[in-house]
Q: 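Just dropping this structure here.
Chain letters run A, B, ... following the sequence lines, proteins first, then strands; residues in each count from 1. Every heavy atom of this structure was used, including side-chain atoms; hydrogens, water molecules and symmetry mates were not.
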Number of protein chains: 2
Amino acid sequence: MSKTSRPVPPRAPTLEDVARAAGLSSMTVSRALNTPQLVRPKTVEKVLAAVKATGYIPNALAGGLASRRSKLIAVVVPQINNSMFVDTIQSISDELAVRGYHMLLCVAGYAQQTEAELVATLLSRRPDGIVLTGIHHSTELKRVILNASVPVVEIWDLTPTPLDMLVGFSHEKVGEATADYLLRKGYKRPGLLWTVDNRAALRKSGLCEALARNDIREPAFVDVSLPARFASGRQGLRDLLKKGSFDVIVCSSDTLAQGAIVEAQASGLRVPQDLAVIGFGDLDFAADTHPSITTVSVDRQVIGQRAATLLADRIEGLPQQETIVDIGFHFVERDSA
Amino acid sequence: MSKTSRPVPPRAPTLEDVARAAGLSSMTVSRALNTPQLVRPKTVEKVLAAVKATGYIPNALAGGLASRRSKLIAVVVPQINNSMFVDTIQSISDELAVRGYHMLLCVAGYAQQTEAELVATLLSRRPDGIVLTGIHHSTELKRVILNASVPVVEIWDLTPTPLDMLVGFSHEKVGEATADYLLRKGYKRPGLLWTVDNRAALRKSGLCEALARNDIREPAFVDVSLPARFASGRQGLRDLLKKGSFDVIVCSSDTLAQGAIVEAQASGLRVPQDLAVIGFGDLDFAADTHPSITTVSVDRQVIGQRAATLLADRIEGLPQQETIVDIGFHFVERDSA
DNA sequence: TTGTAGGCGTTATCAA
DNA sequence: TTGATAACGCCTACAA
């Protein structure tokens, strides 16, 4: 009165179970699933039927262990809830999905120590590739990652000496382009509303040095904590206006610019006549605010798409052209400055 | 003249390598790393030294295969670049990190078919738990997921019959609360600016039915595609104003509300005197726009935090209280309505 | 085109 | 407290 029929297997069906059901060897089933072109069509059919019958779901842990390819890409970003990065993350995810990879997403915060530790634990998943945000990493992280000899793409920055591959643009040049615009438009008294992160700092120094070369000395600025928010833009402008008088406010992101514009208007200043405002990023609202925001456009989706493509190509041994990609940027003149 | 010294092992060091370096068995090394309290302190020291010396990084694929616990949580969301979800994702990620799990993030789009397929491939990673957005899933998805008998948390919605666990709130009630507010404030001619997703639809029907019970018939509305954007708010209001005249515009998100407010102001309407606007979500800018946005506040971070906690507790066999969590919401009266 | 043998790196289990 | 052995489920390599 005990084990009469099936003892109800509590464990998930394996390749072996499918093979048994199909009257084949497990190896043939594996081939039918992964490289069907190497298997007789009729056999493939049998296998697929058996898969459906058994409810088989492959075990990628076992597969990855055996094949040494996990089909996993680890992505490390400082923050998710940051308008700058979400679009990039989404496009990485989309492109990876097309290529058959899954995305392991890790939020590192802006502390280097944390990033090094995170990457170490991520490597235990044996990802086929890693995406890192930025190019400033602790030596510990570099050591670990180079030692693992896993393909890496750094994004959102530019350097002639990346760890491996890179997709980004020059933040210094963004700063310079902004300075050029200010000079061309005849602005003389700029004020800065600036978030405190590495990339923003580069844009700031590019801007300030270009201004200095034209005899405009270090502008007054207000630091803003991350992520950039509308409210910080409003508050930041209030703080800035206490420090002096300005004809233009340059913001390290459109979100701050949007806040600054509203704050200016709320305090009776006309934008751009009384106070001009410049943003960065060309976020989706920038063209539609009132006035629309003069800003620097960066294709955040392309960054993700190219990064994912670089990794997948490298992993799959496909020929690669450039592995250092400057996606550039362009200045967008609108109504706010 | 060949293999004199180390033949440079191209493969990553394994437990075996560490064991050799420490003069122990691999099993002891494994214990020292995972359950140090079961190993003599001095032995643990030796192991840690050997780990550092060899540069050992555990292989979670092998570990997961052997232990049947992957320490991986799969998270499925419709979109990342959607202000509503990012905060939840970030808090899931944060909480999971604390608990020692990694997050596999998948973007499903809003098509059910896609979600079912995605989850099937996700299950091949043998995640210890899954987070699904919403409660509307294809029967295929339900079958697959129940069959896998993996802990599941559905988020951002409420139902007495979840697949497993659930953290959310009632969208119908949000709609009703909004209707109550409209009635209390004496608004008679509402117009709707509404995104086309399941949850928004629930809020809409909750709103419309409550209005109907008070003899206000189905309001005019304009559909907006996802993700909700500032520009859609502006354009949407233009479209809506062609359909009739209104004393209040109810938006399915604060982002739309922000756009609608700017559009109203740009066309000479005072908010709220000429036209009131109500949003949803209490996004970070809602309190600081001009006028500030009357909206419904939802703690998006708590959703993520609770979801992660529920999963981790369940996985680790910890006692659980409620597995259906209504985090509620509250109406926030500000200046726009 | 299909099958066999062996190993991927870890942990569960039992023994010492 | 430590070690030996046998899975875990799949894929590489080779053989038929």
Q: Kindly state each residue pair satisfying ring-ring contact (aromatic ring centres under 6.0 Å, His included) with at least one member in residues 143-164 of chain B, sequence neighbours excluded.
A: Phe85(B)-Trp156(B), Trp156(B)-Phe169(B)
Q: Using a 4.0 Å heavy-atom cut-off across all strands, classify Ser26(A) as base, sugar-phosphate, or nothing.
A: nothing
Q: Please write out the pairs of protein N or O atoms and N or O atoms of nucleotides 5-9 of chain C separated by less than 3.5 Å, giving the distance to one decimal.
A:
{"residue": "dC8(C)", "atom": "O3'", "partner": "Arg68(A)", "partner atom": "NH2", "Å": "3.4"}
{"residue": "dG9(C)", "atom": "OP1", "partner": "Arg68(A)", "partner atom": "NH2", "Å": "3.1"}
{"residue": "dG9(C)", "atom": "N2", "partner": "Ala62(B)", "partner atom": "O", "Å": "3.4"}

Q: The criterion is salt bridge (charged side-chain N to carboxylate O under 4.0 Å, His left out); which residues satisfy it with Glu140(A), sequence neighbours excluded?
A: Arg143(A)
Q: Using atom CG of Leu24(A) as one end and atom P of dT4(C) as the other, report the distance to the nearest whole Å.
A: 11 Å
Q: Nearest whole Å is fine: how far is dT2(C) P from Asn34(A) CG?
A: 15 Å
Q: Considering just the side-chain nitrogens and oxygens of Ser30(B), establish if one lies under 4.0 Å of OP1 or OP2 belonging to dT10(C).
A: no
Q: Does Asp94(A) have any salt bridge (charged side-chain N to carboxylate O under 4.0 Å, His left out) partners at least two apart in sequence or in another chain, and if so, which?
A: none
Q: Pairs in or reaching into residues 149-166 of chain B: which pass salt bridge (charged side-chain N to carboxylate O under 4.0 Å, His left out), with residues at least two apart or in two chains?
A: Asp157(B)-Arg199(B), Asp164(B)-Arg314(B)
Q: Quick check for you: name the first and last nucleotides of DNA chain D, 5' to 3', having an atom under 4.0 Å from a heavy atom of chain A.
A: dG9(D) to dA13(D)
Q: Enumerate the salt bridge (charged side-chain N to carboxylate O under 4.0 Å, His left out) contacts for residues 97-118 of chain A, please, sequence neighbours excluded, ordered by first and then second residue.
A: Arg99(A)-Asp313(A), Arg99(A)-Glu316(A)
Q: Please collect all salt bridge (charged side-chain N to carboxylate O under 4.0 Å, His left out) contacts where either partner lies in residues 41-60 of chain A, sequence neighbours excluded, each pair once.
A: none
Q: Using the C1' atoms of the five pairs at each end, what is the angle between the end axes of the helix from dT1(C)-dA16(D) to dA16(C)-dT1(D), to 10°?
A: 30°
Q: Under the side-chain hydrogen bond (donor to acceptor under 3.5 Å, both in side chains) definition, can you give me all pairs with a residue in residues 54-66 of chain B, not counting sequence neighbours?
A: none
Q: Hey, which of Leu72(A), Leu104(A), Val153(A), Leu123(A) is the one that makes side-chain contact (heavy atoms from CB on, under 4.5 Å) with Ile130(A)?
A: Leu123(A)
Q: Using the salt bridge (charged side-chain N to carboxylate O under 4.0 Å, His left out) criterion, which residues pair with Arg68(A)? Sequence neighbours excluded.
A: none
Q: Can you name the residues that form a salt bridge (charged side-chain N to carboxylate O under 4.0 Å, His left out) with Asp197(B), not counting sequence neighbours?
A: none
